[in-house]
2 protein chains.
Amino acid sequence: MSPRTPPGKTRDQIFRFVRDRLLDGFPPTVREIQDAFGFRAVQTVQAHLERLVTEGRLAKQKGKARGYTLPTGTPERPATFFVPLLGRVQAGDLNAAIEDCEGYVAVQQRGTELSRTRLPQEGSSAHHHHSPSQGALFALRVRGESMTGAGILPDDTVIVRSQPTADSGDIVVALIGDEATVKTLRIQRNQIILQPENPAFDPIIPEPDTCTILGKVIEIRRYL
Amino acid sequence: MSPRTPPGKTRDQIFRFVRDRLLDGFPPTVREIQDAFGFRAVQTVQAHLERLVTEGRLAKQKGKARGYTLPTGTPERPATFFVPLLGRVQAGDLNAAIEDCEGYVAVQQRGTELSRTRLPQEGSSAHHHHSPSQGALFALRVRGESMTGAGILPDDTVIVRSQPTADSGDIVVALIGDEATVKTLRIQRNQIILQPENPAFDPIIPEPDTCTILGKVIEIRRYL
DNA sequence: TGCTATACCAGACAAATGTCTGGTATCATC
DNA sequence: GATGATACCAGACATTTGTCTGGTATAGCA
């Protein structure tokens with residue numbers, strides 16, 4: 001029999017082990033934990049895991065292999081999913097651009113977008129299509145210096161939530177003619193103004209029906 | 001028998017399903033995939049998975065439950081892992097800050113950092129500690145306006161690679177006294193200067209041995 | 001002393017899950 | 001038509017893995 005450890009200490013180490021494995025994307029089995037700690041009985045591990053669950057530090061799916069997870073919805077591990085990084089957006093055809101994207105970017109669910117939570121159980125249905133419907137996310141590389149005043153530099157990546165309208169003051173991606181552009185949206189007297197955040201650029205007041213709002217920028221990233 | 005699908009299409013959807021599940025941190029079983037797609041035979045799924053592996057789109061651990069993983073970072077789909085988001089960094093004790101972090105941020109491997117890949121197989125050993133050793137990543141929330149000129153605003157999140165030194169011109173996180181700060185590093189005549197990117201702030205020329213470079217900023221994020 | 005809680009062990013059972021063998025059907029190509 | 005490739009099905013088997021029952025030992029406490 002292995003030497004006794006102070007109450008709670010082994011359990012704490014087990015928790016970290018499991019947590020690390022979960023963050024690595026590969027949940028451990030009870031026997032893997034057993035081996036890692038050198039226990040000679042599975043039950044030892046299960047007792048610890050059971051307590052970790054009752055303490056709320058872990059969640060489990062009964063009977064499932066590798067069924068331990070971090071409790072859902074905790075800031076410890078927000079849901080993560082992939083959004084397509086679009087190369088160029090041609091006139092209106094967002095669907096095509098999404099099908100034919102440059103790659104995918106990992107985005108984490110944030111507090112305000114609880115609506116589109118995707119639980120592991122729901123999964124993706126078999127014939128699920130990426131669609132730029134209301135609420136879908138995509139990523140876009142920024143061109144030009146028109147938004148430097150808002151801390152958006154050329155070559156930054158913006159994460160965009162598709163929506164046909166936005167509030168005044170939101171940073172949006174709009175399609176003017178054939179080109180997608182990032183600007184601050186201003187609405188004055190029912191008129192749409194696309195406002196650059198750089199004194200060297202002039203506001204754009206698009207003719208009606210020549211401008212489509214693709215969505216609202218919800219995140220900005222820069223890779224150095 | 002279900003209707004036939006065009007060659008490769010079903011497989012592509014299976015790949016996405018598996019990939020999404022992996023990013024959610026819970027690899028699927030073959031039977032879960034089977035159910036999700038409505039197949040009446042497990043073998044159907046396994047044939048697809050086998051091909052995905054030979055095509056290099058998936059990797060697997062033979063015989064293990066939920067044994068499918070994404071292959072180590074291809075440029076198309078870079079490896080994604082979670083780095084700790086530190087609350088406050090107290091004097092020198094980065095280890096403690098990492099142990100006691102606010103949460104985790106999903107970061108994708110980028111071209112230059114091939115060195116520190118952590119494979120699922122290596123796993124964590126039982127008594128493995130997170131250590132901010134050379135190359136480890138962590139995230140930090142930016143305070144203050146001293147870097148607005150570089151497009152880094154208050155409350156932005158920076159992703160940092162731990163390293164004890166950096167090149168002149170790099171944006172770094174440095175520990176001065178008790179406080180962690182983000183600045184541009186300048187080295188002139190063997191002297192270290194921490195340069196704000198905001199005319200309202202003065203450069204910091206730290207006394208020798210009162211300044212530790214925690215690491216280099218490799219990514220910046222802003223959530224709107 | 002007895003009681004309870006904790007840490008751990010031994011061995012078995014049962015469910016989940018990976019793997020296999022052998023089949024049908026459709027499509028394209030020679 | 002024959003051939004090969006692909007998509008799919010049916011059912012079984014074997015391993016992995018979760019779960020259970022019953023046990024020892026140590027520590028703290030009334």
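Every chain is numbered from 1 and lettered A, B, ... according to where its sequence line falls, protein lines coming before strand lines.
- Among residues two or more places apart in sequence or in another chain, the side chain to side chain donor-acceptor pair (under 3.5 Å) test is passed with T44(A) by none.
- Looking at heavy atoms from C-beta onward, M147(A) lies in side-chain contact with I171(A) at the 4.5 angstrom threshold.
- Legend: residues meeting side chain to side chain contact (heavy atoms under 4.5 Å, CB included) with R141(B), ordered by chain and number and at least two apart, are L85(B), E102(B), D155(B), T157(B).
- Across the protein-nucleic acid pair, R40(A) atom CZ and dC9(C) atom P stand 5 Å apart, rounded to whole Å.
- Atom CG in D35(A) sits about 12 Å away from atom P in dG18(D), given to the nearest Å.
- Residues from residues 41-50 of chain B with heavy atoms under 4.0 angstrom of DNA chain D, sorted by number: A41(B), Q43(B), T44(B), H48(B).
- Partners of D12(A) under the salt bridge (charged side-chain N to carboxylate O under 4.0 Å, His left out) rule, at least two apart in sequence or in another chain, are R16(A), R57(A).
- In this structure, Q34(B) atom CD and dA16(C) atom P are separated by 14 Å, rounded to whole Å.
- Taking side-chain N and O atoms only, K64(A) has no distance below 4.0 Å to OP1 or OP2 of dT16(D).
- Nucleotide dT16(D) holds its P atom 13 Å from the CZ atom of F26(A), rounded to whole Å.
- Residues satisfying the side chain to side chain donor-acceptor pair (under 3.5 Å) test with E50(B), not counting sequence neighbours, are none.
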Taking N or O atoms only and anything under 3.5 Å, show me the protein contacts with nucleotides 3-6 of chain C, one pair per line.
from, atom 1, to, atom 2, distance (Å)
dT6(C), OP1, R51(A), NH1, 3.0
dT6(C), O2, R4(A), NH1, 3.3
dT6(C), O2, R4(A), NH2, 2.8

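- In summary, E32(A) and R21(A) engage in a salt bridge, as defined by a charged side-chain N under 4.0 Å from a carboxylate O.
- Rounded to an integer number of Å, the gap from L58(A) CG to dG18(D) P is 13 Å.
- Distance Q61(A) CD to dT17(C) C1': 14 Å, rounded to the nearest Å.
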Name every donor-acceptor pair, under 3.5 Å, that has one atom in a side chain of residues 212-224 of chain B and the other anywhere in the protein, sequence neighbours excluded.
from, atom 1, to, atom 2, distance (Å)
E219(B), OE2, R221(B), NE, 2.7
E219(B), OE2, R221(B), NH2, 3.0
R221(B), NH1, A106(B), O, 3.1
R221(B), NH2, A106(B), O, 2.9
R222(B), NE, D156(B), OD1, 2.9
R222(B), NE, D156(B), OD2, 3.3
R222(B), NH1, A150(A), O, 3.1
R222(B), NH1, G151(A), O, 3.0
R222(B), NH2, G151(A), O, 3.1
R222(B), NH2, G151(B), O, 3.0
R222(B), NH2, D156(B), OD2, 3.0

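- Between Y68(A) and P27(A) the shortest side-chain heavy-atom distance does not fall below 4.5 Å.
- dT17(D) atom P lies 14 Å from atom OH of Y68(A), rounded to whole Å.
- A cation-pi contact, defined as under 6.0 Å to the ring centre and within 45° of the axis, links R19(B) to Y104(A).
- Taking 4.0 angstrom as the limit, R66(A) places a side-chain polar atom (N or O) nearer than this to OP1 or OP2 of dT17(D).
- Under the salt bridge (charged side-chain N to carboxylate O under 4.0 Å, His left out) criterion, R51(A) pairs with E55(A), not counting sequence neighbours.
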Contact list (N/O, under 3.5 angstrom) for nucleotides 13-15 of chain D vs protein:
none

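- Rounded to 10°, the angle separating the first-five-pair axis and the last-five-pair axis of the helix from dT1(C)-dA30(D) to dC30(C)-dG1(D) equals 10°.
- For the side chain to side chain donor-acceptor pair (under 3.5 Å) test, residues two or more places apart in sequence or in another chain that qualify with T10(A) are T5(A).
- For the side chain to side chain donor-acceptor pair (under 3.5 Å) test, no residue two or more places apart in sequence or in another chain qualifies with Q46(B).
- The side-chain heavy atoms of V172(A) and L194(A), taken from C-beta on, include a pair separated by under 4.5 Å.
- Taking 4.0 angstrom as the limit, K9(B) places none of its side-chain polar atoms (N or O) nearer than this to OP1 or OP2 of dA7(D).
- As rounded to whole Å, 12 Å separates atom C1' of dA15(C) from atom NZ of K60(A).
- Residues H48(B) and F15(B) are not in side-chain contact: their nearest non-hydrogen atoms beyond the backbone lie 4.5 Å or more apart.
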